[in-house]
Every structure is written in structure tokens, then in C-alpha cells.
Amino acid sequence: MGVLKGIGTFIFTFLFFLVLMVFCIAFIANSTVLSYDFVSNQVDKMPVSSIARDVAEDQLGGQLGSSDFLKEVAYRVIDNEEPWIKTQMNGALATGYDYFEGRTNYLSISISTTQLKSDLNTSFWQEARTYLSEELAGKSDAEITTYLQDIINDIPQDALASALTTMTVTQRNQMIEQYLRDAAGVPQKISYPPLDPGLKTQIDQGINQFINDFVNNINDPITWDESSIDAGLMDTFRSIRNGIGEFHKWYPWVIVLMVVLAGLIFLVNWGFKVPAISLGISLTIIGVVVIVGIILLRTLPFTQWAADAMNTNISPQLKVWIEGLISDVTGVMLPLMIGILVVGIALLVLGIVLPRRNRQEPMPIDNSNYYPPANNPPPQDTYYPPASTPPSAPPPAAPPPSTPPPPPQSG
């Protein structure tokens, strides 16, 4: 019987340990990547400007030419639009979560760029003037000419004012340089002809038209739906959607299974000491291992190690965000692990301190109605129940009848 009890305790404890690990992983996933609130909070903390530079380089790099001038101006405008970008990202996330969690049956994400295009029209040239002023500050006249001519050579012909197209290349470049010097607040070059006010107006119009053409190339709205997404990728999305549905279906049953296994451990032993120690060991091991892992994740430079391993550079802003993400994820894990560790230690202490359940103590001896044999008295600690009730004492003899008094004699 003791062997079977030990085998049953081991099997149920081992299963409880495995199910507890599954529950911890499921709890963390449900509280982080499957939680819209958690992901939305991370988007609000995300360095959108740093990430948007990479996206803009891929999407708009060809339209911005080979020089860094227009690219840097575009990046500055994107920096100013960070609140709008985060709002749109959160809206897209909400739509995506509705699909993946089964609240909608069709995936369609649409982002309106009306506000973005309006802001670009009004702020692009202003940002360009500010950027030029900063870049030309402290440069010599020759360095200014070299810098501006690099920009001028990258300007497409259709962006030039009609009056400039009739000039020679040298004259045209000189006029544009004078215009850019004036826009940046730098003195015009003395060796060049002065900039004519009428020509300046035409250049203004040409630049505005160039900006308008650039802004109009941005789609409004930007839409991703099942018809525009690659079929293979869409199949992957559907598999993820089905997996999330199964996760939410079985997640509560993991908790039920843990409770059932814990009850079976107590039922097999029909006591508290052994089950408390068995469960306490499982809980304590998981709590200690995960808490140590959390401490290592928060202290060791895993982000830098990963960047070095992949031979990539991570911007300081993105590195700070990744470290914050690790801190937030481990922050979700830490209270659960502390609770598991505390319960595990408490069960271990109780299991060790409480005595093992003993057999039933012998009944106390009651000598009130005990009449041992006269010639063979039993030991003092042995109890023999009386075989029969002792006879009662005989009733007392009746008193003799009293003699009646003699009758009185007559005289």
C-alpha cells in the first residue's frame, strides 16, 4: 500500500509541475502579447521616429533623391508627426486584435493620411529652411557653395521654374544657390548675379509644386486587407487566429487541471504532510528559477549582445525601448512568481513542522467498574472489560415486629 501511495504521489506531483509551467507561460502570454492594453502601452513608449526613418528610407528613399537634404527634412517632419503616427498604429492594432481574437471575420486595416499630407504641405519647406540654416552655420563661403551645389544637382528638372529652364546650367545653378542662401539666412554670393525678385517668386512656386507632387504620391488612405496581403502570409494569419482561439478555449482548463492534480495528491496520501512537501517543492523550484531569470534579464545587457550577434546597430532610443519592454514583461511575471514562491515555501514549512499523523491512541482505563480475579491480578496498563455486572448486595433484613403493649387491666 505504501509503494502504491508513493508512486501515485510522484506521478501526480510530476504532472502538477508540468501543468504549472504551462500555466505560467500561458499567463505571461495572455497578459502581454495577447493583451491589447499591454501592446498599446508599448506602442505609446515606442521611439517611432527612429523606426520611421528605416521605413521612410525603404518607402520614400527613391522619391527623395540621393542627397541627404530632402531625406533629413522628411525625417524631421516625421518626428513632428509622431503623435499622429502612434494614434494610427493603435487604431491598426485594435483592428488587428479584433480579427485575431475572433471578433471580426475579415482583416482590413485602413489608415487615413489626410492630416499627415496637410501637415507636410505646410511644414515641409519651413523645416527645410530651418535645416539649411543649421547646416550652413559656421561653414565658409566655399563650403556653403559646395554643399548647396550638391543639393541643386539633385533637384529634378520638372521642379524648376520655367524661367530657369531657359538659362544655362551655370546660370541656373547660381540663381538657385542664391535663392537657397536667402532662404537659409546666409548672405548671397558676391561673385554671382543678385537674385531677381520675380525669379524668386517663380522659384517659390516651383518648390511648392514639387512638395505638392511629393505629398500627393502618399496614398490616402493606406489600406491592408485580405485582397492585398500575400496569400501565404494570409494563411499564416488565419493559423495564428485559430491558435489564439484554441488558447482562450483551453486556458481556464489549465487552472482547473492544476486544482484537480493538487486534490489528487492530497487524496492519495489522505493527510497533509506529504502533499504539502510535494507541492511546496514544485512551487518553490519554479518560483526560484523564474525569479533568478528575471533578475538576469534585467541586469545583463542582452540587447547589446543580441545586436552584436546579428552584427547590427541599434539606436540609443530603440535600445532604451527594448530594455523598457523587457522590464515591463518581467514586471508582469514577477508578482505571479513571488506569489508562487511564497506559497511553495509556506507549504514546505508546514509540511516539515507538522508531525506525521499517528495511529489512534489506546483508550483510557476506567477502573470504576473493574473487578480483577483475586488470584491473578492483571497488569496495571491492561484493560479487561467486565464479563458481567457484579451481583448487588442483599437487601437488609426487615426489623422484627414490635410487641404490642399489654392491655390495661381493669380495677
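Please read these numbers as outputs of a predicted model, since none were measured by experiment. Throughout, numbering of the chain's residues begins at 1 and tracks the sequence. Quick note: numbers below take in every heavy atom, side chains included, and nothing from hydrogens, waters or symmetry partners.
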Do other residues, nucleotides or ligands put more than 12 heavy atoms under 6.0 Å from the [atom1] atom of [X]?
| X | atom1 | value |
| --- | --- | --- |
| L233 | CG | yes |
| F10 | CZ | no |
| F302 | CZ | yes |
| W253 | CH2 | no |

Would you say the side-chain atoms of [X] and [Y] include a donor-acceptor pair closer than 3.5 Å?
| X | Y | answer |
| --- | --- | --- |
| S228 | D225 | yes |
| D182 | Q178 | no |
| N219 | T113 | no |
| N90 | D44 | yes |
| D308 | Q304 | yes |

Do [X] and [Y] have side chains that get closer than 4.5 Å, going by heavy atoms?
| X | Y | answer |
| --- | --- | --- |
| I111 | W224 | yes |
| F17 | I285 | yes |
| Y192 | T145 | yes |

TODO: Go through the steps to decide whether S35 and N30 satisfy the test side chain to side chain contact (heavy atoms under 4.5 Å, CB included), and finish with yes or no.
DONE: CA-CA 6 Å; S35 170; N30 191 58; over 6 Å; no
Salt-bridged, [X] to [Y], with N to O below 4.0 Å?
| X | Y | answer |
| --- | --- | --- |
| R181 | D141 | yes |
| K200 | D204 | yes |
| R238 | E226 | yes |
| R76 | E72 | no |

Open item on the list: Run the side chain to side chain contact (heavy atoms under 4.5 Å, CB included) test on L132 and V73 for me, step by step, so that the C-alpha distance in whole Å, both residues' side-chain angles and the decisive distance to 0.1 Å come before the verdict.
Closed with: CA-CA 9 Å; L132 269 180; V73 173; over 6 Å; no
TODO: Check W321 against Q42 and note the closest heavy-atom contact, atom names and distance.
DONE: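 Between these two residues, the closest heavy atoms are NE1-O, 3.1 Å.
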- [ ] Locate the shortest heavy-atom distance separating S108 from T95; write the atom from each residue and the value.
- [x]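 For S108 versus T95, the nearest heavy atoms are O-CG2, 3.1 Å.
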